[in-house]
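All remarks here apply to the structure that follows.
As the structure is a computational prediction, the values presented were derived from the model and not from experiment. Residue numbering restarts at 1 for every chain, and letters A, B, ... go by the order of the sequence lines.
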Amino acid sequence: MSGRISRRTFLKGAAVLAATSGVSWSATKAYRWLSPAEAAPLAREEKVVRTVCSPNCWQTCNHLVTVREGKVVKIAPAPMPDPEYNRICLRGLTHIQRLYHPDRLKYPMRRIGERGEGKWERISWDEALDFIAGKFKELRDKYGPQAIAVVHQSGNYGLLNGGYGGAYRFAGVLESVLASGSVDQAVSIGFSSALGTGIFDAYCNECADWVNARTIILWGSACAESQINEWHFIWEAVEKGAHLVVIDPIYTTTAQKAHTWVNLRPGTDIAFALGMLHVIITRGLVDKEFTLNKTCAPFLVREDNRLFLRQGEKPLVWDTRSGRAVPYDTPDIVPALEGQFEVNGVKCTTAFSRLKTVVQDYNPAKVAEITGVSPEVVVKVATLLATNRPGGIKFGFGADRYHHADLLGQAMITLLGLTGNIGKSGNILGMFFAGFDPMVYNVNWLLPRGTSPKMLPLIQLQDTVIRQNPYPIKAFYITCSNLLVQTSDRNRWLREVWPKLELVVAVDQFFNNTLNYADIILPAAHYYETEEIVLSGDVPYVLYRQKVIEPLWEARPDWEIYRGIASRLGLGQYFGSIEEECAKWLDMPLMRQQGIDYQRLKKEQAIRFLPKPYIPWQDGKFKTPTGRLEFYLEKKVPQGEELPVFKWPLEAGPDSPQAAKYPLILITRHEKFRVHSQYENQPWLREINPEPFVDLNPQEARKRGIGDGDLVEVFNDRGHVTLRCRYNEAIPPGVAHIQQGWWFYRDGHHQELTHARYKENTLNYSFFDVRVEVKKV
Amino acid sequence: MAKKYGMVIDLKRCIGCHTCAIACKLENNVPMGLFWNRVLTRGGPGLDIPEGSYPYLKREYLPVACQHCENAPCVKVCPVGATYKDPDGRVLINYDRCIGCRYCMTACPYNARVFNWQEPLRIPGHSYGSQGVPDRKRGVVEKCSFCQQLVDAGGEPFCVTCCPARARKFGDLNDPESEVSRLLRERPAERLLEDRGTRPQVYYLR
Amino acid sequence: MRDKGYYLWLGILSVLSVLGLGAWIYQVTHGLVVTGMRNIVTWGLYITAFMFLVGLSAGGIIVSSSATVFNLPQFKPAARPAVLLSVVSILMATLFIFVDLGRPDRILNLLTSPKLNSPLIWDVIIITLYLTLSLYYLYLMGQPETGEGRLRVVAALALPTAILVHSVTAWIFGLQIARPTWHSALLAPLFVVSALDSGLALLLLVLLGLDRSGWYRVDKSLFSTLGGVLAVLIAVDVFFVFSEVLTALYPAEERLMRYVNLLLKGSLAPYFWGEILLAVIPFLLLVFRSNREKPGLVGLAASLVVIGVFLKRIWLLFSALLIPLLPYAPGVPLGSYLWPPFEFTRYYPVAWGLTGKYTPTWVEIGIFIGIFAFGGLLFMVLARAILAPGTPKESQGVSCGLTS
């Protein structure tokens, strides 16, 4: 350990001290020799580097990192152009431990035992890269380029080294399969369809504007834990008088702060939303102005095929002035919001009328029956959203992790549309996410001409490998992902997928539960050890990450690893220098307009690229073909889901075939101690949160003869996990809860319990749509 | 007038995220196994466990560090004057003088003081935090100093800087215009174990 | 042969003392982490023993100096062994404070930068004074030419000092606002009376031992008389404890009850009820004159009292330390952290305690035994030198000659 001071340093220190301090000195002076190392340290040289932390809490906090004598010694929040975005959290502060963690992967290694056995030998980078490139070449020659799958998740938002940047380029250059996504996207898919945007576009008001909200509904969002740095905006709104509604079956910290906590039964969120729509429509709380003019509500829907009645491309509306159907954008018309019409012999009704029909059954009493929430609460929340404006709905991914979550997204945007809570200061539209919007997500950079990965939703990767169809995948290159901890049906991965793989390369910083099963493991550089642009999360800035220290041991930035492999395959030209690539990325209209270039960005490191305040949709023009908010989704007519309808989830519903055998719904939610599975082994965090528990309501535990702290097995037909049980009243009866992201258990893993069944239009993991039983070991 | 440093923590804002606890460890070079600053759960029997029976529940977070009491029991009992009240109203420790008798620990009603039972173990293996943080060795008691090294340089305690919920305010309680004084005028506040008469300089807003 | 027994004991006690010293060296090199103490229970066996020994010491000298001050000639034969016992006990008590320090190398800070606010400094002062007086008293009693008047003056000083020494020890604890079961005005009287009964009981045992060894003959009637006094003291002790517990139980203040329940039905119940039992039984034994006339029974009663008072020191100390006043989870960081096996780490050490736990480790027990062995050794050597006949100055005051 350093921190010890040599005797000479001490003597100098003592001399300085003796000269400067007088009072308390004399008393202890005589005995000072007994404790030489405790003399005050002399000022030592320090530098402070501004950098960015970028895991998938998507808060992209900027850090000021102090380096003393070559070592990182302090991390502090960096001042942002708008001080309300100054931020850091408990996890970001532990990077000092992550950098110097005794367990950190230090060298490239090759497996010498069986997969999962944990026997490795150290190899050189050249050996590793030669081997990987050689094997890739062999597979490409034999099976074609799609024999390789680059598998990434959200471990890093860096442009070059992250999952949403360099990994695309690498897969594109190799023309390999790029397996990604499938996590936390179903609600967004439903939600964004109506807006006509991509699923993670910047469709929401920026967080700093949320303080102007009067009604805030946090829906399946443990914001105070999972997006810790968004919380203060919510709370400032509350301090200004906003009403906070939290919809969550679990009594989270976020729920604890709510004025109204809606503790609905897991998986019944859509029914609650339909109940709100029912109240809003039947009680005349609809914002008629907005609904008629900005949404598809007055569009005529044919009764025969439930598609819009169109003239050419344009949907028609019923003009009450002229008493006929006219294109929706005809000037000077007064469209009918509801009613039945016959146009040229085709029976029609309006989209609004259809919505009214869909929700008519969901009166508060019926919703209460399904959700377990009292009817008054349905009325209250709906009334608040419609009348206590501006308001908004912020969704997290709690309600996302059920089979039909896209329908919830549809319902949410419909609620916001009918109540006119769009395009005004104080509105919250789902989630604010700036970095993936097409205006700043430079696709041309990601996939330069001539490169083309085969995109594969991650959830289809298991099937694809097992069937070797549509791609003959023989090798995985896993980066920015703890695949076996963060995707479902772990046993299927290991039993059916892994044996078909001739090569598994994994790039990471620790021996997590995925690296364990790899063939070649490569030590990735930490955020602080790399330099690059960082795709912003929920901040309206373009960000630049400075390198704080050189990579420790033999760690390398992902970008250099890509270059190393690609150049051995003769494709090295696609992996240029940091400066070159960052400058190319910045070459897009938005940046040019604002005069943001590489030199400026490198200097300022955080530059606002969105107007202040950023409030989208102020002009009421959406990105749909009609420019209206199209909550009626024609493309979903075949499934009967053009409007939000309530469907029980796959397993979690009471009608599921597993319900009798496995009475508990397994919820594996995010907690404050990790971002997905990152930071799992940080000693400071583990001091506070030392081991995994399955949280059960004491009532459920006692029913099974399980005591607080007993070792239990959580199991279903797919697998099991062994861990301790914790009595937790925050968990409703009927639910078993395990924090997401633990790498290791005494036996088994919680991802053995989950399944990879998906809905065709969302391709989303339904992590919570799972049933289990718990027994004492 | 002399300064009287104090802290005001808004319990309504606090989300129990432990960022203050970790920030404190980082800034003050606190070794493994010790915390100068910790977040307690007022509720059920365990961390984050609420009290009551679902869904009729209650829970509150309570960050606790040294309360820098005006009537500090630890200062009274220290036999060698290693713990003292400084002119700015802080309770500080002269680590070079502490004999490790742990009398102050039994005197503190808040269990805010921790002892170096073992050779301090740090992960990473080097000392971290700001310069000017006194070094502590095995065998001495340590605790929160309101980040003396930062405050004396014109800054604020690091837990205040880092708090994501902006729940912590620091300032001079003797200055009626300071933010802490203003908050204490405007909102009801409690102090911990007020019946013990220690007159803490850390206030909790509710 | 008595000498053989003496040297055998000397040997055993020396070995144990050296082992204790070894344990202390181990503790110094590894830190107090080798003890069972942690951040909630910050004091343990050492401080328990300190309290106990100060009591023993004070008790002995109060009895012996009372003999001089109040001119109770029948007690006089007990005076010198009592003072000797006091000196040895107080030295042992001081040693226990020393081994409890985290930085023993800085012990002189107590002298170079004392803060008079601290009851611990009061204790340092009063113990120093007390030790000086005791040694002087002992010296005077050994001088045949010492006049009764002079002895009485010293005894008159020693008596209040002894009462004060244990009161101050009580105030170390009793003035703490943070520790509900300590914070009581009755604590000092309670300590004094416990000192009296345990000190007297130990004196009785020592006198019995000396009598048996033949170094120092004591009249049987002394045992009977002192036994009677002991019975009274036990009764007062129990009365104080009863008064203390009743004061807590009657209002049943919620917070205090959490601590009191520890004693009545919690983890400290064996010590609490054990102490009560070990007061009631000897009282019942000693209350009958016929029993008091049997030195064996008096000895039995006395040893029960000594054990009982030790149990009382245990429950007194820990009842206040086990429960933090802020009873919220996860509690207090305990302060020890073992380097976990990092590769594929599954479980990290749990670093917190909601309530305290304490079990003395072998190091503490070793040091404990070592200090007691050293005390025994010291007493034996001094007793043989001062009390036993054969030394030229020792012919007075010994009721019966000794033939080897």
**Message:** Would C:Arg103 and C:Asp105 count as a salt bridge (charged side-chain N to carboxylate O under 4.0 Å, His left out) here? Give the steps.
**Reply:** CA-CA 5 Å; C:Arg103 295 297 305 251; C:Asp105 55 321; 2.8 Å; yes
Atom group of [X] that falls short of 4.5 Å from chain B, counting heavy atoms:
X        : result
C:Trp122 : neither
C:Ile172 : both
C:Leu101 : both
C:Leu120 : both

**Asked** With C:Ile126, which of C:Leu131, C:Thr169, C:Leu164 fulfils side chain to side chain contact (heavy atoms under 4.5 Å, CB included)?
**Response**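 The passing option is C:Leu164.
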**Message:** Counting heavy-atom pairs closer than 4.5 Å to chain B, which one of C:Leu111, C:Asn117, C:Ile47, C:Asp100 comes out on top?
**Reply:**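 Result: the option with the highest number of such pairs is C:Asp100.
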**Distance-minimising heavy-atom pair for C:Ile367 and C:Ala23** =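 Nearest heavy atoms, C:Ile367 then C:Ala23: CG1-CB, 3.7 Å.
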**Asked** Is the gap between the ring centers of C:Tyr271 and C:Trp315 under 6.0 Å?
**Response**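 When the ring centroids of C:Tyr271 and C:Trp315 are compared, they turn out to be at least 6.0 Å apart.
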**Request:** List the steps, then state whether salt bridge (charged side-chain N to carboxylate O under 4.0 Å, His left out) holds for B:Glu156 with B:Arg168.
**Result:** CA-CA 10 Å; B:Glu156 59 184 8; B:Arg168 292 170 166 267; over 6 Å; no
**Message:** If you count heavy-atom pairs within less than 4.5 Å of chain C, which of B:Tyr110, B:Phe35, B:Tyr103 leads?
**Reply:**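 Looking at each option in turn, the highest pair count goes to B:Tyr103.
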**Asked** Picking from B:Val114, B:Thr106, B:Val75, which has the most non-hydrogen pairs under 4.5 angstrom with chain C?
**Response**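 Top option by heavy-atom pairs under 4.5 Å: B:Thr106.
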**Request:** On the 0 to 90° scale, with breaks at 30° and 60°, tag the B:Phe170-B:Phe146 ring pair as parallel, tilted or perpendicular.
**Result:**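 Taking B:Phe146 first and then B:Phe170, their aromatic rings stand perpendicular (interplane angle over 60°).
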